[in-house]
Amino acid sequence: MQQPRRDVWTPIAGVLAAVTFVAGVILSTASPKGSDSDAKVIAWYTHHGHRLANLTGAYLLAACGLFLLWFVSGLRQRLRAAEGPGGRLANVALGGGIVCVATLWVGAAAFASISGAEAFGGVPPIRNADLARFLPQVGDAAILLFSMFGAIALIDATSVVIWRTGILPRWFAWLGFICAVVLLFGVVFIPMIALPIWLLAGSFILFRLPSIEAEPVVAVPTLSA
């Protein structure tokens with residue numbers, strides 16, 4: 001008997017999204033403290049290693065967005081199959097994932113803008129410490145607040161569908177509800193770890209399940225003239 005085909009790419013994308021998220025956030029947020037002196041802030045950006053860390057982190061977060069979109073698309077297919085026609089919550093999960101990715105990229109761009117401008121844009125070294133303090137704050141708000149709210153929509157919608165239909169294990173729904181609450185406090189940085197934890201758990205579950213085949217295309221008859 002032929003074994004059911006497995007969708008290995010969706011869980012692999014989830015694992016890669018979790019790994020690149022953690023590494024990207026750590027590297028891209030490596031910036032001077034707001035309380036540092038003007039001279040120390042400006043001097044920080046003259047260091048090649050610091051700029052390289054910023055840029056590497058931004059590239060990792062860009063990759064994270066691609067992996068997350070792939071994972072969410074595969075997850076949405078399964079949620080929609082469980083919900084039936086319409087798939088409203090499946091669409092909410094997809095929309096939350098898109099919002100999470102978009103704001104994640106905005107934050108990465110804010111964190112890496114000064115380093116990128118100096119390394120690739122041919123601009124002179126920064127001389128305004130206030131700007132160097134402001135842009136990382138924009139990055140913090142985009143990633144720690146707005147991106148996490150997109151993730152909350154993704155996780156909550158997924159958990160509700162699981163709770164209603166049992167399409168995935170109930171413990172994953174409970175984990176999702178807990179992670180969603182924790183991410184409400186993502187603005188203080190550490191609670192952000194709930195997102196990669198949820199991604200890894202979801203990837204583990206999906207890896208063990210057979211894939212859901214694409215929905216059949218129904219031909220619509222046309223009236224002949």
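These numbers come from the heavy atoms of this one structure, side chains and all, not from hydrogens, waters or symmetry mates. Since the model is a prediction, treat every value here as computed from it, not as a measurement.
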Please lay out, stage by stage, how L168 and L206 fare under the test side chain to side chain contact (heavy atoms under 4.5 Å, CB included). CA-CA 9 Å; L168 296 175; L206 294 179; 4.2 Å; yes
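- Of all the heavy atoms in T20 and L61, the pair that sits closest is O-CD2, 4.2 Å.
- A donor-acceptor pair under 3.5 Å is absent between the side-chain atoms of R76 and the main chain of N91, judged by distance alone.
- Shown here for G14 and F71, the closest heavy-atom pair between the two residues is CA-CD1, 3.5 Å.
- To the nearest 0.5 Å, atom SG of residue C179 and atom CG of residue L184 are 11.5 Å apart.
- G139 and A110 make their closest contact through N-CB, 3.7 Å (heavy atoms, listed as atom of the first residue, atom of the second, distance).
- The CD1 atom of I114 sits 8.5 Å away from the CG atom of N54 when rounded to the nearest 0.5 Å.
- In terms of hydrophobic clustering, with Ile, Leu, Val, Met, Phe, Trp and Tyr side chains grouped at heavy-atom distances under 4.5 Å, V182 and I190 are assigned to different clusters.
- A153 and V92 make their closest contact through O-CG1, 4.1 Å (heavy atoms, listed as atom of the first residue, atom of the second, distance).
- L200 and L66 fall into different hydrophobic clusters, where Ile, Leu, Val, Met, Phe, Trp and Tyr residues are linked whenever their side-chain heavy atoms come under 4.5 Å apart, directly or through other members.
- More than 12 heavy atoms of other shown residues, nucleotides or ligands fall within 6.0 angstrom of atom CZ in R170.
- T103 and A142 get closest at one heavy-atom pair: O-CB, 3.5 Å.
- For the pair Y45/S115, a side-chain contact is recorded, criterion being any heavy-atom separation below 4.5 Å from C-beta on.
- Rounding to the nearest 0.5 Å places CD1 of I167 at 11.5 Å from CD1 of I205.
- In this structure, S147 and C100 approach most closely via the heavy-atom pair OG-O, 2.9 Å.
- Hydrophobic clustering (side-chain heavy atoms under 4.5 Å, transitive across Ile, Leu, Val, Met, Phe, Trp, Tyr) groups F185 together with L145.
- The 12-atom threshold is not exceeded at OH of Y59, counting heavy atoms of other residues, nucleotides or ligands nearer than 6.0 Å.
- Aromatic ring orientation, W163 versus W174: perpendicular (interplanar angle above 60°, classes split at 30° and 60°).
- Residues I12 and F67 fail the side-chain proximity criterion, which asks for heavy atoms closer than 4.5 Å.
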Step-by-step side chain to side chain contact (heavy atoms under 4.5 Å, CB included) determination, V19 to L60: CA-CA 9 Å; V19 172; L60 287 173; over 6 Å; no
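- Linking Ile, Leu, Val, Met, Phe, Trp and Tyr whenever their side-chain heavy atoms come within less than 4.5 Å puts L183 and F189 in one cluster.
- Atom-to-atom distance recorded for Q137:CD and L135:CG is 10.0 Å, nearest 0.5 angstrom.
- Considering CG of L79 and CG of L94, their distance stands at 10.0 Å, rounded to 0.5 Å.
- The hydrophobic clustering, which links ILVMFWY residues whose side-chain heavy atoms are closer than 4.5 Å, places V15 and F21 apart.
- Looking only at side-chain heavy atoms (C-beta outward), T10 and Q77 stay at 4.5 Å or farther from each other.
- Between L175 atom CG and S159 atom OG the span is 7.5 Å, to the nearest 0.5 Å.
- Contact check for R133 versus D38: side-chain heavy atoms found under the 4.5 Å cut-off.
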